[in-house]
Amino acid sequence: MSLSRDARTILAVDLDYFYAQCEEVRKPEIKDKPVVICVFSGRTEDSGAVSTSNYVARRLGVKSGIPIILAKRILSKNIDAVFLPMDRDYYDAVSERIMEILRSHSQKMEQMSVDEAYLDVTEYTRGDYSSAEKIASTIKRRILEAEHFTCSVGIGPNKLVAKMAVDAKKPDGLTMILPDQVRSFLDPLPVGKLFGVGPKTEEKLGAMGIKIVKDLANCDEARLSSIFGKNLGPQLKLSAQGIDDDIVQEREQEQLSRIVTLKQDARAFNFEYELAPLCRDISERLAAKKLLCKSVGIIAITTDLKTKNRARTLDAPTSSEAKFMEVGSELFNSFFDENEGIGVRRAGIRVSNLIKAADSQMKNPTLAEFFG
DNA sequence: AATACCGGCGAGT
DNA sequence: TCATACTCGCCGGTATT
């Protein structure tokens, strides 16, 4: 019996309805009530959107992304419904502790977000999926014992299949897709369920007569390339075939952003007061991570909810709040010059092209440092 | 021709 | 009807070298 050189066993772990479950753990008495985590924008009493909700609320139709006001309308008959403002610092702390538990189960881990991670457990299982299932059960038990938290786990031969598997049963699921089950698992799914296929792509595929994953897996690659491009086209077909060579590996952060909803739509750059805290926050976050950025950009969501970006590459890497403010102001000013009469609803700052602060000093010393 | 940059878009949490 | 705050990645166009 031999283990094929490239056969892997990957776990995808997803913490169930994360923000809402964090609140349930903190306040057990709300556990059986609809729980809605809100991002209040501050425009009016209940302006803003639902970030996430627990399954009690979801079953009643309150899902991520809907307006808070609409959620309140839907739950108006449920007097016990709980609406809570998002408390990111608390959720981040819970996340960190759980991620530590995950990390203890594999050296090869990739945290995807506050509530998701991939683990490559190949070297522990050596291709034995029943042993992977034991690892998954152990992880679920340990998270439950340590944090009173449920999670879902998907097991598969690569990240894509593990991700599709974890989505197949939530919450508190454990789904294992053996290598020889991959095609039969994926084939009947509607293409929209395939990871990476959102509404727009689904719509285009539908117009091509491609409704289920099997159709996509069998589709002519050249035809896909002509519509989705030479990278995305072939990628779609591979995904549909359950093929994914992407390795499990922590990635460097590439960008960082902060955005706010303005009290009123702005028609000229007059919100320096609102922009300053964003610049300060970005500056602090960069400093905490010992990072500098080489580009600074702005994000403007206009009155008609379209997203506009402007960015500039800097002469020298920085983490300076003042620099972000200066460049941000200039970019917003030119944005308003180019778009006379356009209103901005939400405004943000984004920094990208991140580099380690220490590295940059070595490679690009300032004159003072060079002669220092 | 190759690379860098920019801005729009799409997807996912 | 009302429509958050992030992060990542691709695409095509254009500028730079």
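In what follows, chains are A, B, ... by sequence order, proteins preceding strands, each numbered from 1.
When each of C/dT7, C/dA3, C/dT1 is scored by its nearest atom to the side-chain atoms of A/Leu70, the top-ranked nucleotide is C/dT1. In the set C/dC6, C/dC2, C/dT4, C/dT4 carries the atom at the smallest distance from any side-chain atom of A/Val39.
Look at A/Ser257 and you'll find a side-chain N or O under 4.0 angstrom from OP1 or OP2 of C/dT7. At the phosphate of B/dA4, neither OP1 nor OP2 sits under 4.0 Å from any side-chain N or O atom of A/Thr313. For A/Thr261 and C/dA5, the shortest distance from a side-chain N or O to OP1 or OP2 is below 4.0 Å.
The salt bridge (Lys or Arg N to Asp or Glu O under 4.0 Å) pairs that include a residue from residues 160-169 of chain A are A/Glu116-A/Lys163, A/Lys163-A/Asp167, A/Asp167-A/Lys170, where partners are two or more places apart or lie in different chains. Pairs engaging residues 298-325 of chain A under the salt bridge (Lys or Arg N to Asp or Glu O under 4.0 Å) rule: A/Arg280-A/Glu321, A/Arg310-A/Glu338, A/Arg312-A/Glu330, A/Lys323-A/Glu326 [sequence neighbours left out]. Within the structure, the side chain to side chain donor-acceptor pair (under 3.5 Å) test picks out the following pairs touching residues 29-52 of chain A (sequence neighbours left out): A/Ser41-A/Ser47, A/Arg43-A/Asp265, A/Asp46-A/Lys72, A/Thr52-A/Arg58.
The minimum heavy-atom distance between A/Phe324 and A/Leu286, with the atom names listed, is CZ-CD1, 3.5 Å. A/Leu354 approaches A/Glu254 most closely through the heavy-atom pair CG-O, 3.6 Å. Considering every non-hydrogen atom in both A/Val161 and A/Gly156, the closest pair reads CG1-CA, 4.0 Å.
Residues A/Glu252 and A/Val260 both approach DNA chain C. Their nearest nucleotides, taken by heavy-atom distance, put A/Val260 toward the 5′ side. Taking the nucleotide of DNA chain C with the nearest heavy atom to each of A/Gln253 and A/Ser51, the more 5' of the two is matched to A/Ser51.
At a threshold of 4.0 angstrom between heavy atoms, the contacts of A/Gly65 include nucleobase atoms, whether or not backbone atoms are also involved. Counting non-hydrogen atoms under 4.0 angstrom, A/Ile66 reaches nothing in the nucleic acid. If you check every strand for non-hydrogen atoms under 4.0 Å, A/Thr52 touches nothing. Within the nucleic acid shown, A/Arg285 comes within 4.0 Å of sugar-phosphate atoms alone, with no base atom in reach, counting heavy atoms only.
Side chain A/Arg73 to base C/dT1: a donor-acceptor pair is found below 3.5 Å.
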For nucleotides 9-16 of chain C, give me one character per nucleotide, 5' to 3': B if any protein heavy atom sits under 4.0 Å from the base, S if the only such contacts are to the sugar-phosphate, - if neither. SSS-----

Could you write nucleotides 7-13 of chain B as a row of B, S and -, 5' to 3', where a protein heavy atom under 4.0 Å of any base atom gives B, of only sugar-phosphate atoms gives S, and otherwise -? SB-SSSS

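A donor and an acceptor atom, one from each side chain of A/Glu24 and A/Asn54, are located under 3.5 Å apart. Judged by distance alone, the side chains of A/Gln253 and A/Lys289 do bring a donor and an acceptor atom under 3.5 Å apart. Inspection of the A/Thr125 and A/Thr9 side chains reveals an N or O donor paired with an N or O acceptor under 3.5 Å. No hydrogens or angles considered: nothing links the side chains of A/Asp120 and A/Ser106 as a donor-acceptor pair under 3.5 Å. Donor-acceptor pairing under 3.5 Å is recorded for the side chains of A/Asp16 and A/Thr150. With hydrogens and angles left out, the side-chain atoms of A/Glu100 and A/Ser104 include no donor and acceptor closer than 3.5 Å. For A/Glu23 and A/Tyr91, the side-chain atoms include at least one donor-acceptor pair closer than 3.5 Å.
Distance A/Asp46 CG to C/dA3 C1': 14 Å, rounded to the nearest Å. One interatomic measurement links the two molecules: CG of A/Leu262 to C1' of C/dA5, which rounds to 14 Å at whole-angstrom precision. Between the CG atom of A/Asp281 and the C1' atom of C/dC6 there is a distance of 12 Å, given to the nearest Å. Going from atom CE of A/Met112 over to atom P of C/dT7 covers 14 Å, rounded to whole Å. Here the C1' atom of nucleotide C/dA3 and the CZ atom of A/Arg346 are 9 Å apart, to the nearest Å. In this structure, NZ of A/Lys294 is placed 16 Å from P of B/dT3, rounded to the nearest angstrom. Atom CD1 in A/Ile259 sits about 13 Å away from atom C1' in C/dA3, given to the nearest Å. The distance from atom CD of A/Gln111 to atom P of C/dC6 is 17 Å, rounded to the nearest whole Å.
Residues forming a ring pair (Phe, Tyr, Trp, His ring centres under 6.0 Å) with A/Phe336 (at least two apart in sequence, or on another chain): none. Legend: residues meeting side chain to side chain donor-acceptor pair (under 3.5 Å) with A/Arg73, ordered by chain and number and at least two apart, are absent. Among residues two or more places apart in sequence or in another chain, the salt bridge (charged side-chain N to carboxylate O under 4.0 Å, His left out) test is passed with A/Lys140 by A/Asp172. A search for ring pair (Phe, Tyr, Trp, His ring centres under 6.0 Å) contacts involving A/Phe335 returns nothing, not counting sequence neighbours.
For DNA chain C, if you chain together Watson-Crick or G-U pairs that step i with j, i+1 with j-1 and so on, the runs of at least three with distances under 3.5 Å are B:1-13 with C:5-17.
Near DNA chain C, meaning a heavy atom under 4.0 Å away, there are no residues from residues 84-92 of chain A. Residues from residues 205-219 of chain A placing a heavy atom under 4.0 Å of any atom in DNA chain B do not occur.
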Verdict with supporting geometry, A/Phe269 and A/Phe271, ring-ring contact (aromatic ring centres under 6.0 Å, His included): CA-CA 6 Å; A/Phe269 180 70; A/Phe271 44 86; 4.9 Å; yes

